[in-house]
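In what follows, chains are A, B, ... by sequence order, proteins preceding strands, each numbered from 1.
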2 protein chains.
Amino acid sequence: MTDTIISSATKEVVIGFGRPFVMIGEKINPTGRKILAEEMRNGDFSRVEKDALDQVAAGAHMLDVNAGIPLADEPALLAKAVELVQSITDVPISIDSSIIDALEAAVAVYKGKPLINSVTGEEESMERVLPFVAKYGAAVVAISNDDTGISEDPDVRYGVAKRIVNRAADHGIPKDDVVVDPLVMPIGAMGTAGRQVFQLVHRLRTELGVNTTCGASNVSFGLPHRHAVTGGFLAMAISHGMTSAIMNPMHAEVKTAVMAADVLNNQDANCAAWIRANRDPDAPGAERSGRRRGGRRARTSG
Amino acid sequence: MTDTIISSATKEVVIGFGRPFVMIGEKINPTGRKILAEEMRNGDFSRVEKDALDQVAAGAHMLDVNAGIPLADEPALLAKAVELVQSITDVPISIDSSIIDALEAAVAVYKGKPLINSVTGEEESMERVLPFVAKYGAAVVAISNDDTGISEDPDVRYGVAKRIVNRAADHGIPKDDVVVDPLVMPIGAMGTAGRQVFQLVHRLRTELGVNTTCGASNVSFGLPHRHAVTGGFLAMAISHGMTSAIMNPMHAEVKTAVMAADVLNNQDANCAAWIRANRDPDAPGAERSGRRRGGRRARTSG
């Protein structure tokens, strides 16, 4: 059992083996969103507010908040965005930046125990991020690349993850508070990207005993009908042991795939969440009396 | 490499590791279809004809044909249905019956190399089915139950499958021609049904080296929005090594999940089939320029 507990001032979320998959809303991120970037730069956070509320309404258990805008004062923007989101929702936050000063500024104003996103296996990152993860008693996303870049070899990526977990322990951070991101490449550019992640997630869970997350949308970058690819990827990754992802719960195909995978991976007791979400008898595809293929296949243990 | 070759008079289909998943259309089956059963009993095969053409149009690589109607002359009906389907389509057939005489009658009229569905680990089944599988040079579905019933223990089911494969070898049937059905239970009745199959499929592939199939719809029996559950199950099973299934390609959610899983499991070279199927730029969800979550995640090997 590895439980990673993340909290806001009033609410706790647990990422853990055998538990329902944790959906971390990805939308509050100006990367590739020109209008949002421009608004945030000018101090207009109305879209951040809307994205926060919409994602929570769609079922996000946590929200990722990123303020990565070139040439902007990212530490101030990220801290402001985090404070704003905490003032209007009670879900815990993944504080997301590649700028270490921005992470620290936002963590300082955060109420609760955040997920700090992220530390990498690069020496500078580990030496600067892990001390304040420890200081604030936070959890941290560990990305499995290091000073040599991102390896295509899952064994190398496993080794990097293990090194970060060990270094975190040196700082007094338990492995329960390290959530590893195995790094998801676009499948359109690298056909092995999916299998790499499935193998790596399995090892991270069974050998290293850590929870995992990823930026799921990246897998379908550049493909048509991409949400179906992202959803399929998450279902497959869940069956290999992935326990959370940064994703968009407002895309019905992605959210449905995650909920179905929770059922199929025995993480939704008695299918209760699935039945609650789909109980409208007029919903497309809702069938209460299905047909079994061959009665002999429906027997239980004799 | 384990390639199971199935053919009609003019067309070959290969079930194999790393190859595109083989979709076997499930619809021609009177179990639970009262109108179809009544029509077939009365010699009206118009619905069989329509179901065959519709499923092939929807992308079925093979068709399962079952004529299991209580108190009917199943050997005659099954042979007639198989002949009819072969006269209007060129896809290979899975000849499906629990009545051994019916299997043999249909195999006798079949043109090509059929998939005989099925033999079980029951002594009588093995001793009666395997000789004519060998005689006709057919392939066979091996269902992992035996005289004691269906075990809930995946290790027991693995053992039954192994016993059938060994017995087949005694009859001169190579293991390439044995496609194991690990037996899929309804997830609503047994929460472990999915994980059991994933583990079993993995062992069947890596240890026994055989191809696998299943009656996929059974997993979602009794649940609302069941096609999404079936689709998610197939994507997950494919990531653990399943190579074919008896399923309904006319359900868009199921077929899309299989096609996405082929992409994600590196079985659709250059995503060619996926892009071809989804290239309409006005299709829902089609996005040619997606957003990556954080530029740093999109780097390739450094």
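Residues of residues 264-273 of chain A lying under 4.5 angstrom from chain B, judged on non-hydrogen atoms, are A:L264, A:N265, A:N266, A:C271 by number.
Across B:A193, B:G68, B:A261, B:A237, the residue that shares the most heavy-atom pairs under 4.5 angstrom with chain A is B:A261. Most heavy-atom pairs under 4.5 Å with chain B: of the set A:A260, A:A235, A:G232, this distinction falls to A:A235. Top candidate by heavy-atom pairs under 4.5 Å with chain B, chosen from A:L234, A:D153, A:I238, A:T192, is A:T192. Ranking B:G194, B:G191, B:G188 against chain A, the residue ahead of the rest is B:G191, based on heavy-atom pairs under 4.5 Å.
Here the CZ-CE distance, from A:F198 to B:M236, works out to 10.5 Å after rounding to the nearest 0.5 Å. From A:H202, atom NE2 reaches atom NE2 of B:H202 across 6.5 Å, with rounding to the nearest 0.5 Å.
When the side chain to side chain contact (heavy atoms under 4.5 Å, CB included) test is applied to B:T213, the partners found at least two apart in sequence or on another chain are B:I24, B:V141, B:V179, B:D181, B:S244, B:I246.
Proximity to chain A involves both the backbone and the side chain of B:F233, based on heavy atoms less than 4.5 angstrom apart. The parts of B:A228 that come within reach of chain A are both its backbone and its side chain, each placing non-hydrogen atoms under 4.5 angstrom from that chain. For A:V219, the part lying under 4.5 angstrom from a heavy atom of chain B is the side chain only.
By the 30° and 60° cut-offs, the orientation of the rings of B:H240 relative to A:H240 is parallel.
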